[in-house]
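Working notes, beginning with the structure itself.
It should be emphasised that the depicted structure is a prediction, and the values quoted were computed from it without experimental measurement. We count residues from 1, following the sequence as given.
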Amino acid sequence: MINAAALVLVLSYALPYVYLLMTSIKPAADVQQIPPRFFPVVISFENFRDVLQSSTLPRAFASSLTVAVLTTILSLAVAVPAAYVATHYRRRITTLFLLFALVTRMVPSVSLGVPLFQLLKSLGLLDTVPGLVLAHTSAAVPLAILLMAAFFEGVPKDLEEAARMDGCTRFQAFLKVILPIMTGGIAVTALFTFITSWNEFLYALLLTSEATKTAPIVIAEYNSVYGLAWGAMTAAAVLYSLPVIIVTLALQKQIVGGLTFGAVKG
């Protein structure tokens with residue numbers, strides 16, 4: 001019974017993506033067919049060929065990938081030590097710091113868009129990769145800190161104390177003892193940070209134009225005054241989903257280990 005319910009739940013999540021995939025491999029004439037068919041009568045890859053041959057989408061994909069990777073690296077560089085200090089050296093200020101990280105996650109991105117626009121404009125970083133990375137990092141760091149703090153809570157403090165007794169400094173204990181057992185948590189945090197940047201739309205819309213336009217903006221532009229190019233849009237969306245799927249599969253063992261970290265003690 002439980003397995004059947006789980007199967008129904010998985011299929012309900014997978015159905016929209018399967019329909020997206022089926023639409024992307026339909027010929028242009030069949031995409032607009034009424035009533036629509038779920039499965040294509042003829043399999044065609046013309047939609048993929050068209051979007052890959054366009055001058056904008058491959059460049060936008062490269063921009064999205066560059067921004068997402070740099071955002072992930074920068075966010076982890078900030079979040080990992082910050083979360084470690086906040087959880088292992090409890091003070092009133094560190095508690096307030098974690099609370100502040102939680103509160104910032106509740107602030108709508110749209111309310112921060114205009115201040116970020118003005119700030120990056122004054123710094124000459126509008127429509128640049130560094131400017132968009134900083135904007136995405138500002139949104140990703142609070143989430144990364146909260147995730148890493150939850151993982152660090154499961155690390156016994158005895159490990160660091162034992163390393164200190166063996167002659168390690170605090171930094172050496174953190175680097176040689178704590179970090180190696182946190183690979184699962186770091187992988188989970190990296191994945192969520194990557195997805196946050198990869199899927200971000202509002203900041204990319206406000207802070208970029210032609211030079212660093214990301215893929216979500218280009219995909220949205222298939223909806224024009226001349227109509228909605230379903231074939232090209234679905235093909236681009238399928239291609240855009242592949243990096244997240246690949247990263248998830250590549251980090252599968254670390255993610256499972258991170259999600260179960262601290263579940264069993266003793």
Side-chain angles (χ1 to χ4, degrees), residues 6 9-10 13 65 67-107 109 112 133-200 243-266:
L9 184 62
V10 170
Y13 275 99
L65 184 60
V67 171
V69 170
L70 292 177
T71 297
T72 301
I73 294 173
L74 184 57
S75 297
L76 289 178
V78 174
V80 172
Y84 176 74
V85 171
T87 53
H88 277 245
Y89 302 96
R90 285 285 187 175
R91 301 289 188 274
R92 183 185 297 272
I93 188 65
T94 57
T95 302
L96 291 175
F97 174 75
L98 291 176
L99 180 61
F100 178 75
L102 177 62
V103 170
T104 55
R105 288 296 302 165
M106 303 177 185
V107 179
S109 297
L112 302 176
V133 168
L134 290 176
H136 284 192
T137 301
S138 69
V141 163
L143 174 63
I145 289 175
L146 292 174
L147 287 173
M148 288 306 306
F151 289 121
F152 278 126
E153 288 284 1
V155 178
K157 293 185 178 181
D158 296 343
L159 291 177
E160 182 184 357
E161 294 175 359
R164 294 292 303 279
M165 291 181 64
D166 288 338
C168 290
T169 64
R170 286 183 176 178
F171 179 74
Q172 289 174 330
F174 170 72
L175 194 63
K176 296 180 179 180
V177 178
I178 304 300
L179 279 188
I181 65 175
M182 291 298 297
T183 54
I186 293 173
V188 172
T189 305
L191 177 62
F192 277 96
T193 304
F194 182 89
I195 293 175
T196 298
S197 176
W198 186 253
N199 292 337
E200 203 284 322
V244 173
I245 296 174
I246 293 171
V247 171
T248 302
L249 292 177
L251 299 177
Q252 183 178 5
K253 290 183 179 180
Q254 290 82 356
I255 291 171
V256 173
L259 292 176
T260 57
F261 181 77
V264 179
K265 294 184 179 180

List the atom of Ala140, the atom of Ser75, and the distance in Å for their closest heavy-atom pair.
-> CB-OG, 3.6 Å
Shortest non-hydrogen separation from Ala101 to Pro142 and the atoms involved | O-CB, 3.5 Å
State, yes or no, whether a side-chain contact exists between Thr71 and Thr196 at a heavy-atom distance under 4.5 Å.
-> no
May I ask you to test the Leu65-Phe194 pair for a side-chain heavy-atom distance under 4.5 Å?
-> yes
Given side chains that start at C-beta, do those of Tyr84 and Met148 come closer than 4.5 Å, heavy atoms only?
-> no
Atom pair CD1 (Ile145) and OG1 (Thr189), whose distance is rounded to the nearest 0.5 Å | 10.5 Å
Do Phe152 and Leu147 touch side chain to side chain, with heavy atoms closer than 4.5 Å?
-> no
Indicate the atoms forming the closest heavy-atom contact of Ile186 with Leu76, along with that distance.
-> CG2-CD1, 4.2 Å
Indicate yes or no: at least one non-hydrogen side-chain atom of Thr193 is less than 4.5 angstrom from one of Val141.
-> no
Any side-chain heavy-atom pair from Leu70 and Leu74 closer than 4.5 angstrom?
-> no
About how many Å separate CZ of Phe97 and OG1 of Thr87, when rounded to the nearest 0.5 Å?
-> 10.5 Å
Run the numbers on Phe174 and Val80 for side-chain contact (heavy atoms from CB on, under 4.5 Å), then give the verdict.
-> CA-CA 10 Å; Phe174 170 72; Val80 172; 3.8 Å; yes
Interatomic distance, CG@Leu143 vs CG@Leu102, rounded to 0.5 Å, equals 11.0 Å
Minimum heavy-atom distance between Thr248 and Val244, given as atom pair plus value = OG1-O, 2.7 Å
Spacing of OG1 belonging to Thr72 relative to CH2 belonging to Trp198, to within rounding of 0.5 Å = 10.5 Å
